[in-house]
Amino acid sequence: MVHYKLIYFPLRARGEIARQIFAYAGKDYEEKSVTFEQWPALKNTTPFGQLPVLEVDGKPLGQSYAIARYLAQEFGIAGKNDIEKAEVDAIADQFKDYLNEVVPYLTVAAGFKPGDANQLRTDVFVPNFKKHFAFFESILASNPSGFFVGNSLTWVDLLISQHISEVLEKDLKVVEEFKKIQAHRKKIQSIESIKNWIARRPEYPF
Ligand SMILES: N[C@@H](CCC(=O)N[C@@H](CS)C(=O)NCC(=O)O)C(=O)O
């Protein structure tokens, strides 16, 4: 049996997608939590000087989306054929573009950098959220299954529903107009394995 070790900080953030894929697939893995104090000594031992890293039988893989795509492929939630896989990747890439645009707000809002979170919310977060989630809303509107791609769950359903639940905790209003996005979050996070994971996962700040 393959041994998976997920190495990350005591955060959900970029580690959570791999954890939810394991939870959905019902697969065991080892979690190695690295504290911020331990991190400097480990940084140069990782493939790209960052976490998360997934070790697969001891072989390290960096980049959270590469990890997610690999695990999704292994566990059958990457898309059912090549075009579905490409659609899943396109949504993931679009989501990454969105995150890159809102990261100045997210880092200040999380207290990692000084700045005016309210101003950044107005200038950066809200316009970018609305721009990108309008795309995601219309993708959901065009798929009667309620999933982003095809007629069953893929890893981008986990990725985006988790992000929406993070946003909802702090910023109900921005999600209000996106009814399909809200229904999608509910649908995905009501799946038994995901619901159970959310109930039992460690309490992390974000
Ligand atoms: N594109 C990378 C970004 C990884 C990343 O930014 N990791 C952060 C934590 S979320 C990190 O390792 N920070 C510590 C550092 O850069 O020294 C991914 O998605 O895995």
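Read the numbers this way: they start at 1 and go in the same order the structure lists the ligands and their atoms. Position 1 is the first residue of the sequence, and the numbers go up from there.
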Handout entry: Pair Lys131 + Glu101: basic N to acidic O under 4.0 Å
Key =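 Salt bridge: yes.
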
Handout entry: Basic-acidic side-chain contact under 4.0 Å: Lys27, Glu74
Key =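 A salt bridge is absent here (no side-chain N lies under 4.0 Å from a carboxylate O).
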
Practice task
Please round to the nearest 0.5 Å and tell me the distance separating atom CD of Gln73 and atom NZ of Lys85.
Solution key: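 These two atoms lie 4.0 Å from each other.
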
Among all protein heavy atoms in this structure, tell me which lies nearest to [atom], with the distance rounded to 0.1 Å.
| atom | answer |
| --- | --- |
| atom 14 (C) of ligand 1 | Trp39 NE1, 3.4 Å |
| atom 18 (C) of ligand 1 | Gln63 OE1, 3.2 Å |
| atom 16 (O) of ligand 1 | Gln50 NE2, 3.0 Å |
| atom 15 (C) of ligand 1 | Lys43 NZ, 3.4 Å |
| atom 10 (S) of ligand 1 | Tyr8 OH, 3.1 Å |
| atom 7 (N) of ligand 1 | Leu51 O, 2.7 Å |

Problem - Per-atom contacts of ligand 1 with Phe9, taking only distances under 4.0 Å to non-hydrogen atoms - result: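 Every atom of ligand 1 under 4.0 Å from some heavy atom of Phe9: 9 (C), 11 (C), 12 (O).
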
Handout entry: Residue Pro52 vicinity, atoms of ligand 1 by number, heavy atom under 4.0 Å
Key =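 Under 4.0 Å from Pro52, ligand 1 has these atoms: 20 (O).
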
Exercise for the section: Compute the ring centroids of Phe148 and His184, then answer whether they are less than 6.0 Å apart. Expected result: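 Yes; His184 has its ring centre under 6.0 Å from that of Phe148.
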
Handout entry: Geometric N/O contact Ser64 with ligand 1, under 3.5 angstrom
Key =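 It does: an N or O of Ser64 is found under 3.5 Å from an N or O of ligand 1.
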
Handout entry: Backbone N/O of Thr154 and side chain of Asp157: donor-acceptor pair under 3.5 Å
Key =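 Indeed, once roles are kept as given, a pair shorter than 3.5 Å links the two residues.
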
Tell me which donor-acceptor pairs under 3.5 Å the side chains of residues 137-145 have, and how far apart each pair is, sequence neighbours excluded?
unit_1	atom_1	unit_2	atom_2	d
Glu137	OE1	Lys180	N	3.3
Glu137	OE1	Ile181	N	3.0
Glu137	OE2	Lys179	N	3.2
Glu137	OE2	Lys180	N	2.9
Ser138	OG	Phe135	O	3.1
Ser142	OG	Ser138	O	3.4
Ser142	OG	Ile139	O	2.9
Asn143	OD1	Ser145	N	3.1
Asn143	OD1	Ser145	OG	3.0
Asn143	ND2	Ser145	OG	3.3
Asn143	ND2	Phe147	O	3.0
Asn143	ND2	Gly150	O	2.9
Ser145	OG	Phe147	N	3.1
Ser145	OG	Gly150	O	2.8

Sequence neighbours left out, cut at 3.5 Å: what donor-acceptor pairs do the side chains of residues 55-71 make with other protein atoms?
unit_1	atom_1	unit_2	atom_2	d
Asp57	OD1	His3	N	2.7
Arg69	NE	Asp89	OD1	2.8

Exercise for the section: Using a 4.0 Å heavy-atom threshold (strictly under), name the region of Phe48 that reaches ligand 1: side chain, backbone, both or neither. Expected result: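 Looking at Phe48 and ligand 1, no heavy atom falls under 4.0 Å.
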
